[in-house]
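Accompanying notes for the structure given below.
Positions are given from 1, in the same order as the sequence printed here. Note that these values count all heavy atoms, side chains included, but never hydrogens, waters or copies made by symmetry. Only a predicted model underlies this, so the values are computations on that prediction, with no experimental measurement involved.
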Amino acid sequence: MNGAPPPPSERGNRRPPTRRAFLRLMTQGGGLCIGMAWGCKESATTNEIPRDPERTTPTTPPAAAPEPPAEGVLPSQVEGEVLNAWISIEADGTTHLTISESEMGQGILTGLSMVLAEALDVPWSSVRGHHADSSEVYGRQSTGGSTSVRGGGFEAMTEAGNLARALLVVAAARRWKRDPSDLSTDAGAVIAPGGERRSYGELAAAAATIARGPDAARITSKIAPSKRAPSLLGTSPPRLDLPSKVDGTAVYGMDVRRPGMRMASILRCPVFGGALGSVDAASVAATRAVPGVVDVVELPHGVAVVGTNTWACMRGRRQLKVEWKAPSDGATPLTSALLRTHAQEALDTRPIDAHTQGKGAKGLPLGARQLEATYEIPYLAHAPMEPLNCTIEVQGEGDDRRCTVWVPTQSPSRAQQVAAEVLDLPKKSVRVVRTMLGGGFGRRSEADFVRDAALVVARTGGAVQVVWTREDDIQGGAYRPMALSRLRGAVDADGWPVAWAHDLASPSIIRGMRSAVAGEGVDPSSVEGASELPYDIPHQQIRYADVGGPVTTWWWRSVGSSMNAYFVEHFLDELAALGGKDPYQLRRRLLQNHPRHLKVLDAAAEAARWGTPPAKGRARGIAVHESYGSFVAQVAEVSVAANGRPRVHALVCAVDCGQQIHPDAIAAQMEGSVVYGLSAALHDKITLADGRAVQSNFHDYPLLRMDEMPTVTVVHVESGEAHGGVGEPGVPPVAPAICNALLALTGAPQRRLPLLG
């Protein structure tokens, strides 16, 4: 960008009014602001370990609207423990939806706005979508697990739209002295039987008074549902976030500028589990001498260089000479080889049952032929394109002290909590302004980069922006866990699988989190995609062992399914080869009781022309997986060059995500998932030596290049079922589809990723 745009509160008239500016104007010129509450429900999972402690699931809201905030108090400042969505209508009919989900390229600002527009019966051109600031009024804000729509967002937005539409009909009925049931709506207007119309903008002020009344629920219950046929959902209108991203006015975290703001770069301990020892005084002096450097600040986990620009901070940081303390446990410095030994020991000595069916592992001798295989995957970094960053400004003194956090985050609530703890402030004194996210993939639901900024600003005051280098990110932990997986299977005399045993060892994400749930048990996020096999194999046993260790782990796009789909689907092809069966036909036989799996499997096979000969030197591989409420099957067409390097030429992706909101966004997410999954399958790994990550940047942690990208065909499979996620389910089948194609082509199983590692 040529000059960073100011934060949202300082843009003036360059763009449509912000939510806060709009709400200020609303108290002067009239308008409608409707609040509706979402209940919060904790998830229950195996062994009392939550699926994601950062996520609470909104449920369908009550019909009655709560009392609006006091005059002059913004919704984001209202106290309360409920989750609120705020719907606003301006006098000109512009309809605003403030959502608590993070837009990180997945299109959720558009998707939820479409749901609102459909229920409210307004033209798409009048709809605007906005991020919510942090507030207890919204409950716990966290975007992950592909839950923005399927986790209650669709129902809540529909309820909110229906409620707003009812209030507008009642306002018109009072004006015309008619029964509300006589009226209808169409494209942002209320219509009387004789054809008289009143726009929503004209009715907004009057409708707002109804929203404040104690009898809102009684009045609105009389309004019949809209008779208009659905016209928006299932279509692909232009995304709301694209114009600002194209013209450069979209504000990302690194675009934020504040008066007198300083930049900061932090030198961290490179060894997992280590700590800051001492800093050479002469090197500090050399750092301070770098033009643009204004301060050097010691932190509990490193040394921050503060300056007038990021480049000066990074140059100054190179001058520092630091002695680091070794991990306090005195253990041998961790290496990838040692970590594998630990995983093997855990696999052999302490696996815990996650699922048993039939005779379990004892069913293996029933098979005429048996197979055992060990699979291995490495740690993976998220590597979003926008570097991790956070800006914090502290203002006021004493009891009036407060701060504002500008941050591209998936979890404003976590960011607020961390900033409040570090700065010793009540949460209500910390406002989090969420910017656009330049990729998330789970990494931005962590708040270590927020903690960095809070620690620095606690010592410097004013406003500080911390920016991580690419090396900070790649070597900084919060990885997808490594895993060792031992699978054993048996086929009967006719070649059909009859027994399946799967032992998995990996670090537990949940117990590795700072907010981890104590105790033993199976981490459900580690075994998802493995413990609930859809295949009709009579004897099954799945067990899990926690490896532990100092390397920090975190949610990575599709979490446990990203690794377990590879283990399960590739080993199933190995069993198919053992029994002399076609992999597609084997799956068809074993999935007869799972029609949605079967439907996407058939759709992918048909689109890829399974059963017809591929081009010379190529083979096809197939995989199917369910995750986050959606079903995805993929067929990859692969060749191998003379130097042994695999090449993916084409990939067909069939997806059933239930009711579709924006088909183009679904296709885009499947295509993006293929890119992400291919990068991991072909290239990516984090290895350890002397207790630290070896890889550091894109030269040794490469992402997929344009010349490696296959042709991707997305097939939408309609089911009419409940909404599923689309941000993550496309990743899990990528690696096994490729590996299965290589198995068909070469006869050699691919039991270790990455393929080019």
Side-chain angles (χ1 to χ4, degrees), residues 347 351 353-375 485-504 527-544 560-561 563-602 604-605 610-611 619-627 631-635 732-733 735-744 747-751:
L347 205 62
D353 279 346
H355 173 74
T356 301
Q357 177 179 307
K359 295 184 177 180
K362 294 179 180 179
L364 285 168
L366 298 177
R369 283 162 288 178
Q370 298 184 34
L371 178 67
E372 180 172 329
T374 298
Y375 287 64
S485 194
R486 181 175 58 211
L487 294 110
R488 292 170 291 157
V491 298
D492 63 18
D494 293 327
W496 300 110
V498 293
W500 179 281
H502 184 181
D503 291 344
L504 170 70
V527 298
E528 66 178 17
S531 61
E532 62 280 1
L533 287 184
Y535 298 113
D536 186 13
I537 300 174
H539 307 288
Q540 300 178 24
Q541 183 181 62
I542 294 87
R543 302 188 299 175
Y544 169 74
S561 285
M563 57 187 183
N564 289 321
Y566 159 61
F567 300 146
V568 169
E569 289 294 298
H570 192 41
F571 188 67
L572 190 64
D573 264 40
E574 289 201 56
L575 285 183
L578 179 67
K581 303 299 182 184
D582 176 89
Y584 166 51
Q585 296 299 334
L586 179 92
R587 286 173 172 81
R588 290 204 87 254
R589 177 183 172 111
L590 299 180
L591 290 172
Q592 291 303 307
N593 294 321
H594 293 269
R596 295 182 73 183
H597 286 84
L598 193 58
K599 199 170 182 179
V600 292
L601 183 76
D602 287 343
W610 188 275
R620 298 188 185 105
I622 194 166
V624 62
H625 190 75
E626 173 193 358
S627 61
F631 301 76
V632 178
Q634 295 177 358
V635 176
I738 298 167
C739 292
N740 290 343
L742 291 172
L743 176 61
Q750 309 297 315
R751 295 174 178 171

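Between the side chain of His539 and the backbone N or O of Lys359 there is at least one donor-acceptor pair closer than 3.5 Å. When atom types are taken as modelled, the side chain of Asn564 and the backbone of Glu528 share a donor-acceptor pair closer than 3.5 angstrom. A donor-acceptor pair is defined here as one N or O able to donate and one able to accept, closer than 3.5 Å; no such pair exists between the side chain of Gln750 and the backbone of Cys739. In this structure a side-chain-to-backbone donor-acceptor pair under 3.5 Å is present from His594 to Pro534. Under the 3.5 Å distance criterion, the side-chain polar atoms of Gln357 are matched with a main-chain donor or acceptor of Ile537.
Nearest heavy-atom pair, Ala354 versus Ser531, reported as atom, atom and distance to 0.1 Å: CB-CB, 4.3 Å. Across Ile622 and Ala605, no two heavy atoms sit closer than the pair CD1-CB, 4.3 Å. Contact detail for Ala623 and Pro733: the closest heavy-atom pair is CB-O, 3.8 Å. Here the closest non-hydrogen pair linking His597 and Phe631 is CE1-CE2, 3.3 Å. The shortest heavy-atom contact between Gly489 and Phe571 is N-CZ, 3.6 Å. Closest of all the heavy-atom pairs between Gln634 and Ala737 is O-CB, 3.9 Å.
Salt bridge absent: Arg589 and Asp536 never bring a charged side-chain N and a carboxylate O closer than 4.0 Å.
Below 30°, between 30° and 60°, or above 60°: for His502 and Trp500 the angle between ring planes is above 60°, a perpendicular geometry.
We find the CG-CG distance between Leu590 and Leu572 to be 6.5 Å, quoted to the nearest 0.5 Å. Rounding to the nearest 0.5 Å places CD of Glu574 at 8.5 Å from CG of Leu487. If you take CG on Asp503 and CG on Asp353, they are separated by 9.0 Å, rounding to the nearest 0.5 Å. Arg488 contributes atom CZ, which lies 5.5 Å from atom CG of Leu364 (distance to the nearest 0.5 angstrom). How far OG of Ser627 is from CD of Glu532: 9.5 Å, rounded to the nearest 0.5 Å.
Side-chain contact between Pro583 and Asn740: absent, with no pair of heavy atoms (C-beta onward) separated by less than 4.5 Å. In this structure, the side chains of Pro749 and His570 come closer than 4.5 Å at one or more pairs of heavy atoms. For the pair Val635/Tyr584, no side-chain contact is recorded, criterion being any heavy-atom separation below 4.5 Å from C-beta on. No side-chain heavy atom of Leu575 sits less than 4.5 Å from a side-chain heavy atom of Leu586.
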Carefully, step by step, assess Leu591 and Tyr535 under the rule side-chain contact (heavy atoms from CB on, under 4.5 Å). CA-CA 6 Å; Leu591 290 172; Tyr535 298 113; 3.6 Å; yes
With side-chain contact (heavy atoms from CB on, under 4.5 Å) as the criterion, how do Leu347 and Thr374 come out once you've worked through the C-alpha distance, each side chain's angles and the decisive distance to 0.1 Å? CA-CA 11 Å; Leu347 205 62; Thr374 298; 5.5 Å; no
Could you please spell out the steps behind the side-chain contact (heavy atoms from CB on, under 4.5 Å) verdict for Arg588 and Leu598? CA-CA 6 Å; Arg588 290 204 87 254; Leu598 193 58; 4.0 Å; yes
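With sequence neighbours excluded, the residues that form a salt bridge (Lys or Arg N to Asp or Glu O under 4.0 Å) with Arg587 are Glu569, Asp573. Residues passing the salt bridge (Lys or Arg N to Asp or Glu O under 4.0 Å) test with Glu626: none are found, sequence neighbours excluded. A search for side chain to side chain contact (heavy atoms under 4.5 Å, CB included) contacts involving Ala619 returns Ala744, Leu745, not counting sequence neighbours.
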